[in-house]
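Lettering of chains follows the sequences in order, A, B, ..., and the numbering in each one begins at 1.
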Amino acid sequence: MTVRTRFAPSPTGNVHIGNIRAAIYNWLYARHEGGQFLLRIEDTDRERSTPEAVQAVLNSMNWLGLNFDETPVYQSTQLAAHLAAAEKLLAGGQAYKLDKGGAGKGECIMFKMPGTDMAFHDEIKGDLRKAAKDLPDFVIVRSNGTPVFHLGNVVDDIDMNITHIIRGDDHVENTFRHVAIFQALGAPIPKYAHLPMIVNAQGKPYSKRDGDAYVGEFREKGYLPEALFNYLVLLGWSPGDDREVLVRDELIRLFDFSRVQSSPAQMDMRKLQWMNGEYMKVLPSTLRSEQCRAVLQTRGLWHDGISADYFDQVLNVMGERIRLFTDVADQAGYFFTDNYPYDEKSVQKRLKKEGASESLAAIREAFAGLEVFTAESTDKALHAVAEQKGIHPGELVHPVRVAVSGTAAGPSLFPMLEVLGKNRVLARIDQTLKQFFA
RNA sequence: GACCCCAUCGUCUAGAGGCCUAGGACACCAGGUUUUCAUCCUGGUAACACGAGUUCGAAUCUCGUUGGGGUCGCCA
């Protein structure tokens, strides 16, 4: 029998990182086994389900490359099947009608638990059991005639021939109920795997307040889907050796429940960033520049005057300093606007110094006289000035860097000057002289 | 509160009784390279929650304690 897994999100907002990891594990396992990965939208909570939220789910999955097989099932269309199952249970005596009273709600349909102790095997947690007294009957159809989650969930899983249910830890308790329904309906019981939760930096469950918890936010912050995918897989699973940067095909080949952790894991944004850098290193340059340009556009730093050649040079000179796409705006914005901010600390350290203005002025003169303005020629010119003034080249390098970029950190100075070009460099030195030494 | 689950460096983890004076990665610190930053190289700090057992021997097995988490809806 071929393995069939599913991701069954309820579309009620953004896609949480914990949910998407469950989706990833479902996807990985199905691909590992050569089976199918299905999508079911559990949109029966009419109050909260919105088309936008459904689209958010689809977007997140698509971004991460979680392709699904077959047509997605919208749970709201399965109402008749759910109610038919309830009728069957009623007819078989495994369910009964009851007026639980209160607020004049009328009769609902209760599922009758077997009345015995229950147990099921979890692929990650091992054997889980529960005493009969802790397994009370529960509502499967509301008094208004609509099916409850437990019923719909199980009926749909039967309908979709799901063989493995991989979901969050928070469903462990539900599983006893679900197993009972499978049995009552005469359906084979799927295998279960409950994933530990992902907690925030305080070790607490993620809440709305925690940023970074939604898939879309990682995308906006400039992360690569491959990096997030790799990182998330490693959050709760390891291949058993020391490898960490594993491409998708390797993950598919290696993934296995026996190596899934059973304790909760914390996100470490710094490690995620490191991993993103690893993937950034091997990203084809056309994709890299496409994404970088998109960031500049949304930040309002892009304009038509930026030539493809200039843009290429900037990205080239920035090199591996761009670990996130947003770094191009955060660290290299001065390449795209003359109105760049001066970093206060850098100014204090490199400009507000004895002789800095004279040095800048001297360099400006030397640069102005250059016929060709390249990394080599500016390098030569700067060293000549240093020698002439009898100072260390660094005394000139640093002020020039801060003058033309506003910051003390950045690419090698001379290649950077070449990219900026003579006109810009001279104008920026003038501007700096005027602003800080006038 | 009841029931269930979990517990190795700051974080993610390796470890399925002797290979563990506990390994790797990120982060951090120090040094080297780089006239800045980053990269890169070298080195370093840092953990088996606690207590009893079982055993010749326990991070690994058992029990307890403590701490954390999940669930207890006519939400999903």
Side-chain angles (χ1 to χ4, degrees), chain A residues 8-12 42-45 47-49 75 98-100 102-103 105-110 122 124-126 128-131 133-136 138-150 152-153 168-177 194 196-199 201 203-205 231-232 234-245 258-259 261-275 277-278 281 318-323 327 331 346 349-350 379 382-383 386 392-402 405 407-414 416:
Chain A
S10 49
T12 54
E42 303 211 331
D43 58 348
T44 51
D45 185 347
E47 301 284 303
R48 296 190 292 165
S49 298
Q75 190 163 55
L98 176 70
D99 187 340
K100 295 182 83 174
K105 281 174 175 171
E107 282 188 327
C108 58
I109 301 178
M110 301 288 289
D122 188 278
I124 294 167
K125 298 172 147 346
L128 267 17
R129 56 191 71 253
K130 199 116 184 156
K133 68 172 173 59
D134 295 316
L135 297 167
F138 57 97
V139 175
I140 50 176
V141 178
R142 300 184 186 88
S143 51
N144 68 5
T146 60
V148 165
F149 161 74
H150 304 294
N153 191 267
D169 232 352
D170 50 335
H171 282 296
V172 178
E173 306 288 326
N174 289 334
T175 303
F176 294 96
R177 297 170 163 184
H194 287 96
M197 308 265 107
I198 294 178
V199 297
K204 299 290 181 188
Y231 179 77
L232 250 21
L234 249 31
L235 205 57
W237 174 88
S238 79
D241 52 35
D242 293 336
R243 287 176 297 170
E244 298 203 296
V245 180
S258 72
R259 304 203 59 85
Q261 209 74 12
S262 56
S263 50
Q266 278 184 24
M267 287 284 288
D268 182 352
M269 298 302 289
R270 289 168 304 189
K271 185 155 187 176
L272 208 210
Q273 267 181 40
W274 162 77
M275 185 159 282
E278 294 301 300
K281 285 177 190 170
M318 284 301 291
E320 291 177 9
R321 287 174 184 78
I322 298 175
R323 287 172 109 195
D327 287 342
Q331 292 178 28
S346 303
K349 192 172 177 196
R350 304 301 191 188
D379 189 334
L382 185 141
H383 278 83
H392 191 273
E395 297 295 315
L396 298 173
V397 168
H398 301 307
V400 171
R401 172 187 298 288
V402 176
S405 73
T407 171
S412 292
L413 181 68
F414 303 112
M416 175 177 139

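The separation between A/H194 atom NE2 and B/C6 atom P is 13 Å, rounded to whole Å. In this entry the distance linking CZ of A/F414 with P of B/C37 reads 15 Å, nearest Å. To the nearest angstrom, C1' of B/C9 lies 13 Å from CG of A/D268. If you take CG of A/D122 and C1' of B/G70, they are 13 Å apart, rounded to a whole angstrom. Between A/L235 atom CG and B/C12 atom C1' there is a gap of 7 Å when expressed in whole angstrom units. Distance A/Y231 OH to B/U11 P: 12 Å, rounded to the nearest Å. Taking atom CG of residue A/D134 and atom P of nucleotide B/C3, one finds them 7 Å apart after rounding to whole Å. In this structure, the CG atom of A/L234 is 17 Å from the P atom of B/U11, given to the nearest Å.
Comparing the C1' positions of B/G18 and B/A58 gives a spacing of 9 Å, expressed to the nearest Å. B/C4 and B/U11 have their C1' atoms separated by 27 Å, with the value rounded to a whole Å. B/G32 and B/G51 have their P atoms separated by 43 Å, given to the nearest Å. The C1' atoms of B/A47 and B/C5 are separated by 23 Å, rounded to the nearest whole Å. Comparing the same atom, P, in B/A16 and in B/G1 gives a spacing of 37 Å after rounding to whole Å. Using atom C1' as the reference point in both B/A14 and B/U8, the two lie 10 Å apart (nearest Å). As rounded to the nearest Å, B/U62 and B/U55 have P atoms that lie 16 Å from one another. Taking atom P on both nucleotides, B/U13 is separated from B/A49 by 15 Å, rounded to a whole Å.
Within the 4.0 angstrom heavy-atom criterion, no nucleotide atom of any strand lies near A/N153. Within 4.0 Å of A/L128, counting heavy atoms only, lie sugar-phosphate atoms of the nucleic acid but no base atom. Note on A/Q261: only backbone sugar-phosphate atoms sit closer than 4.0 angstrom, heavy atoms only; bases stay farther off. Among the protein residues, A/G168 comes within range of no part of the nucleic acid, since none of its heavy atoms lies under 4.0 Å from any strand. When heavy atoms are screened at a 4.0 angstrom cut-off, A/A265 is found touching the sugar-phosphate backbone but no base atom. Heavy atoms of A/P136 sit nowhere under 4.0 angstrom from any nucleic acid atom.
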Heavy-atom protein contacts under 4.0 Å, nucleotides 38-49 of chain B, coded B base, S sugar-phosphate only, - none: BSS---------

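Side-chain proximity of A/P264 to the nucleotides B/C6, B/A76, B/A27 is greatest for B/C6. Of the listed nucleotides (B/A25, B/C6, B/A76), B/A76 has the atom at the smallest distance from the side chain of A/V148. The A/S412 side chain lies nearest to B/U36 when the options are B/C5, B/G70, B/U36. Proximity note for A/H171 (side chain, C-beta onward) versus B/C3, B/C74, B/A76: the nearest is B/A76. The side chain of A/V139 sits closest to B/C74 out of B/C12, B/C26, B/C74. When distances are taken from the side chain of A/K130 to each of B/G24, B/U11, B/C3, the shortest belongs to B/C3. Side chain of A/S263, nearest nucleotide from B/G10, B/U71, B/C6: B/C6. Across B/G10, B/C3, B/G24, the shortest atom-to-atom separation from the side chain of A/R270 is found for B/G10. Distance from the side chain of A/E173 is smallest to B/C4 among B/U36, B/A25, B/C4.
The partner of B/U34, taking Watson-Crick or G-U wobble pairs whose two distances both stay under 3.5 Å, does not exist in any strand shown. Look at B/C28: its Watson-Crick or wobble partner, with both distances under 3.5 angstrom, is B/G44. Both distances falling under 3.5 Å, in either a Watson-Crick or a G-U wobble arrangement, place B/C3 opposite B/G70. Pair check for B/A49 finds B/U65; Watson-Crick or G-U wobble, both atom distances under 3.5 Å. B/C19 is unpaired under the Watson-Crick or G-U wobble criterion, no partner having all donor-acceptor distances under 3.5 Å.
Evaluation of atom-type donor-acceptor distances gives no pair under 3.5 Å for the side chain of A/K271 against the base of B/A27. Side-chain atoms of A/S143 come within donor-acceptor range of the base of B/C74, with a qualifying N/O pair under 3.5 Å.
Remark: A/L272 CG to A/L234 CG distance equals 10.5 Å, nearest 0.5 Å.
Residues A/S238 and A/R259 form a side-chain contact, since some pair of their non-hydrogen atoms from C-beta on lies under 4.5 Å apart. By the 4.5 Å heavy-atom criterion applied to side chains, A/L235 and A/Q266 are not counted as neighbours. A heavy-atom distance below 4.5 Å is found between the side chains of A/M318 and A/P411. Side-chain atoms of A/I124 and A/W237, non-hydrogen and from C-beta on, never get closer than 4.5 Å to each other.
No salt bridge links A/R350 with A/E395; every basic N to acidic carboxylate O contact stays at or beyond 4.0 Å. At a threshold of 4.0 Å, the pair A/E173-A/K130 counts as salt-bridged, since one of the basic side-chain nitrogens sits closer than that to a carboxylate oxygen.
Judged purely by atom type and a 3.5 angstrom limit, A/S346 uses its side chain to pair as donor or acceptor with the backbone of A/A408.
For the residue pair A/N174 and A/H171, a side-chain donor N or O sits within less than 3.5 Å of a side-chain acceptor on the partner.
Under the side-chain hydrogen bond (donor to acceptor under 3.5 Å, both in side chains) criterion, A/T175 pairs with A/R167, A/H194, not counting sequence neighbours.
Regarding contacts with the backbone of B/A14, a side-chain N or O of A/R259 is found under 4.0 angstrom from either OP1 or OP2. When the side-chain nitrogen and oxygen atoms of A/R129 are compared with OP1 and OP2 of B/C5, none of them lie within a distance under 4.0 Å.
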Stepwise salt bridge (Lys or Arg N to Asp or Glu O under 4.0 Å) check, A/R323 with A/E278: CA-CA 8 Å; A/R323 287 172 109 195; A/E278 294 301 300; over 6 Å; no

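Nearer the 5' end of RNA chain B, as judged by each residue's closest nucleotide, is the contact made by A/G240, out of A/C108 and A/G240. Residue A/H398 is the one, among A/L98 and A/H398, whose nearest nucleotide of RNA chain B lies closer to the 5' end (criterion: closest heavy atom).
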